[in-house]
Q: 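After the structure tokens below, expect a handful of questions from me.
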2 protein chains.
Amino acid sequence: MLTERQLLLLQVIIDDFIDTAHPVGSRVLAKKGTIPFSAATIRNEMADLEELGFLEKMHSSSGRIPSEKGYRYYVDHLIKPVSHNKYRGIVSKLVQEGIYEFEQIVQMSAEILSELTSYTAIILGPEIFETQLKQLQIVPLSSQTAVAVLVTNTGHVEHRMVSLPEAINASDLEKLVNIINQKLVGIPIVKLQNIFYTEMADIMKRYLDDYENSLNYLKAIFLTDYPVKVYVSGTSNMLMQPEFNDIDKVRSFYTLMDKEDELIKLLKDSTPGIEVTIGNENEVEAIKDFSLITSSLRHEEEQIGTIALLGPKRMEYRKVISLLKGLSNEMTNTLYMWYKDKE
Amino acid sequence: MLTERQLLLLQVIIDDFIDTAHPVGSRVLAKKGTIPFSAATIRNEMADLEELGFLEKMHSSSGRIPSEKGYRYYVDHLIKPVSHNKYRGIVSKLVQEGIYEFEQIVQMSAEILSELTSYTAIILGPEIFETQLKQLQIVPLSSQTAVAVLVTNTGHVEHRMVSLPEAINASDLEKLVNIINQKLVGIPIVKLQNIFYTEMADIMKRYLDDYENSLNYLKAIFLTDYPVKVYVSGTSNMLMQPEFNDIDKVRSFYTLMDKEDELIKLLKDSTPGIEVTIGNENEVEAIKDFSLITSSLRHEEEQIGTIALLGPKRMEYRKVISLLKGLSNEMTNTLYMWYKDKE
DNA sequence: TGTTAGCACTCCAACTTCTCGAGTGCTAAT
DNA sequence: ATTAGCACTCGAGAAGTTGGAGTGCTAACA
């Protein structure tokens, strides 16, 4: 329904605004020569585009800036993805070094990402869905405390302090750990809780003197949710963006960044693939002035983590999207190889 | 060398400025009634105090604000520490729950601290000086990779991915781990590197087929420095301080906060006890507008960590210092008990 | 009929000017 | 020694001024 010329115009206006952060006027646009029409014509078209809701003015005699609808159209229809060969291979290079666990790799990728874009990178997870128990170890520290160490097949290590039941003795503890390892190695972490109640209860009853106590003890290890970790990187890069000249925006931005649970909410239920949320499209009030681009990392239909970039609505969508796409693909492949290798 | 009256005046002026962030004028001060003299007299004294370098003016007809020398004098001589009974016991309560490792407790304390003061809390370490190896575990993930897990007597867990040497077989690996655990458990982590070269080399030669390879392999585990961790908490609280109305200050502040190595430099060589650095007293350029209060956590002469508060020069020194002192004592005691218990 | 030049109008941003109040330093009186 | 009084200073904020970049509309043009 938009004419060829309107499309071109919309594209050029948004590109220009993304580049300069200044409202775009007809005169300047005409002078640039990208559009073979006079300023007056451009003005007319601009008025139409505004009527259609793609552009808006800050005040009656300012240039036009893209509306959220405008950005949305731009993202959905006007961007031809550019592939960023330059950065291809970053992840696999990290993997090849062989000294990082998966979580570290995700984190490092995000740092690179925020460096490359000067927006803020936020990473969720990777969650332990689908990762399997490789080994459980319980190391007693004193008579009352021990540390439980859980290693997964992805090289991830979780640990947690636990208090030991009074009655348990060293040999029982050893037996317990052996049973667990025999029975539970290879089981996806998520399913541990179920199995724990069904199969384990029986077995433990048979082998252990102090069944009751041991059970309670294990609960502390397996039945608490392991915390989801959020990494944020590059917040100070973003302060250079002119939209942050407003001190209140800075305040509310950092207040959000400090609330881990809000960030988790932001990234938690992302759908597969790249998803772009512009301004008020997002339900979280605090980022109504921002755009958020998320890409969920998946392994066999399971979401195991999310990489996201948070920036001003005036974001370099073209660059960011292709970058994130590339990175995401690479991560997925890497992930696939990884699991295949470790199984 | 300062008269009684000058001391009183200095005290009141700084207190007032810390409270209101506004330059303090003679008239207002006289009206408040804390000083039984007229505004004119106060003016004269103020002029003297300025000449002595304790006060300064923003411009020729503004009220007085404390100079750095003024703050220094205030901190050194005019503060009578108030004990904060209210918050006593926070740490020991956390410890009693028995489910946190030492590092978590430090971190949580710092969060509380920043919440209580609305300044930024920075914590370094605790470093692994003096903590002893409790157990080493090597869990193979694939034919080429494994994860090495190191548990200390404080309940701290370090882990790292390592690539396995081609030639090594499962039984050798097991032997290796056994040797290490037999020989190295109880050794302070810092000394591992030395012992590794002296004693271990011999032993390994005797027991292992593939001595050369195993040695190289272990290097990766023991000879890399484990990273010092920095936790920062409460940065957004601080934005509410009026000194942060200047956007450039905010920018430079957050740029600093993003540089982990700078922060480490800031806290690394703190002397025992509480140390207050005001503005330019600190060598790090980026915090010349701030004051930093550090308290190093010690165990038997060794610095094992640092808690610090970063705030504007106009800081509530009285409150902050006593709070930090209390917390620090509590931590040290806790630490002492902890080690005693775990040894 | 689509395009363009021209013109009157709008509005912000940046700059100046003005005013006011809170502050000072100095002097003379107490 | 202390204080009251007075002239002076300076910055913060209000009010006014200007210029430029923008618009919308109309009329002329290909």
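Heavy-atom basis, side chains included; hydrogens, waters and symmetry copies ignored. Letters go in sequence order (proteins before strands), and every chain restarts at 1. All values reported here derive from a predicted model rather than from experimental measurement.
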Q: Can you check the A/H59 NE2 to D/dT23 P distance for me, whole Å?
A: 10 Å
Q: Test the B/K69-B/F54 pair against the cation-pi criterion, namely NZ or CZ under 6.0 angstrom from the six-membered ring centroid and within 45° of the ring axis.
A: yes
Q: Find every protein N or O atom lying less than 3.5 Å from an N or O atom of nucleotides 25-29 of chain C, and list the pairs.
A:
from: C/dG25; atom 1: OP1; to: B/R64; atom 2: NH2; distance (Å): 3.0
from: C/dG25; atom 1: N7; to: B/R43; atom 2: NE; distance (Å): 3.2
from: C/dG25; atom 1: O6; to: B/R43; atom 2: NH2; distance (Å): 3.3

Q: Any chance the side chains of A/E281 and A/T277 put a donor and an acceptor closer than 3.5 Å?
A: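 On atom types as modelled, these side chains do not qualify, holding no pair under 3.5 Å.
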Q: Which part of the nucleic acid does A/S62 contact within heavy-atom distance under 4.0 Å: base, sugar-phosphate only, or nothing?
A: sugar-phosphate
Q: Do the side chains of B/L323 and B/L309 get nearer than 4.5 Å, heavy atoms only?
A: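 B/L309 does not reach B/L323 side chain to side chain.
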Q: Report all side-chain donor-acceptor pairs from residues 8-29 of chain A shorter than 3.5 Å, counting only partners two or more places apart or in another chain.
A:
from: A/D15; atom 1: OD1; to: A/Y74; atom 2: OH; distance (Å): 2.6
from: A/D15; atom 1: OD1; to: A/R318; atom 2: NH2; distance (Å): 3.0
from: A/D15; atom 1: OD2; to: A/R318; atom 2: NH2; distance (Å): 3.2
from: A/D16; atom 1: OD1; to: A/K32; atom 2: NZ; distance (Å): 3.1
from: A/T20; atom 1: OG1; to: A/D16; atom 2: O; distance (Å): 3.1
from: A/T20; atom 1: OG1; to: A/H22; atom 2: N; distance (Å): 3.1
from: A/S26; atom 1: OG; to: A/R43; atom 2: NH1; distance (Å): 3.2

Q: Name the residue closer to the 5' end of DNA chain D, choosing between B/E45 and A/V28 according to the nucleotide with the nearest heavy atom.
A: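 Nearest-nucleotide comparison on DNA chain D picks B/E45.
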Q: Have B/Y254 and B/T235 got a donor and an acceptor in their side chains that come within less than 3.5 Å?
A: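 Their side chains do contain a donor-acceptor pair, which is all the 3.5 Å distance test asks for.
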Q: Which of residues 14-24 of chain B have a heavy atom under 4.0 Å from DNA chain C?
A: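 Contacting residues: none.
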Q: Answer yes or no: is there a side-chain heavy-atom contact under 4.5 Å between B/I247 and A/V250?
A: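 They are in contact (side-chain heavy atoms under 4.5 Å apart), so the answer is yes.
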Q: Classify the ring geometry between B/F244 and B/F253 as parallel (under 30°), tilted (30 to 60°) or perpendicular (over 60°).
A: perpendicular
Q: So, are B/E50 and B/R64 salt-bridged, with charged N and O less than 4.0 Å apart?
A: yes
Q: Can you give me the closest heavy-atom contact between B/E243 and B/K249, atom names plus distance?
A: O-CD, 3.6 Å
Q: Do the side chain of B/S61 and the base of D/dT9 come within less than 3.5 angstrom through a donor-acceptor pair of N or O atoms?
A: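 Flag set: donor-acceptor pair detected.
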Q: For A/S233, what residues pass the side chain to side chain donor-acceptor pair (under 3.5 Å) criterion, not counting sequence neighbours?
A: A/S114
Q: Estimate the overall bend of the helix from C/dT1-D/dA30 to C/dT30-D/dA1 from the end axes over five pairs each, rounded to 10 degrees.
A: 20°
Q: Do you know the tightest heavy-atom contact between A/Y119 and A/E316?
A: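 Shortest heavy-atom contact: OH-N, 3.0 Å.
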Q: Measure the shortest side-chain to side-chain distance between A/T120 and A/N237 over non-hydrogen atoms and say whether it is less than 4.5 angstrom.
A: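 A side-chain contact under 4.5 Å is absent here.
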Q: In whole Å, what is the span from the NZ atom of B/K31 to the P atom of C/dG21?
A: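 Computing the B/K31:NZ to C/dG21:P distance gives 14 Å.
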Q: Mind calculating the distance between CG (B/D48) and P (D/dT2) to the nearest angstrom?
A: 12 Å
Q: Would you indicate which nucleotide in D/dT3, C/dT4, D/dC10 comes nearest to any side-chain atom of B/F37?
A: D/dT3
Q: Is the distance from OP1 or OP2 of D/dT3 to the nearest side-chain N or O of B/T41 less than 4.0 Å?
A: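 It does, given that an N or O in the side chain of B/T41 lies less than 4.0 Å from OP1 or OP2 of D/dT3.
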Q: Ignoring hydrogens, what is the shortest heavy-atom contact between B/I278 and B/E68? Give both atom names and the distance.
A: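 Closest approach of B/I278 to B/E68: O-OE1, 3.6 Å.
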Q: Rounded off to whole Å, could you give me the CD1-to-C1' distance for the B/I42 and D/dA1 pair?
A: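 It is 15 Å, rounded to the nearest whole Å.
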Q: Between C1' on C/dC7 and CZ on A/R27, what's the gap in Å once rounded to a whole number?
A: 12 Å
Q: Between the protein and nucleotides 14-16 of chain C, list every N/O to N/O distance that falls short of 3.5 Å.
A:
none

Q: In whole angstrom, what separates A/L29's CG from D/dG22's P?
A: 10 Å
Q: Is B/R72 paired with B/D76 through a side-chain N to carboxylate O contact shorter than 4.0 Å?
A: yes
Q: Under 4.0 Å from OP1 or OP2 of D/dT3: is there any side-chain N or O of B/S38 that close?
A: yes
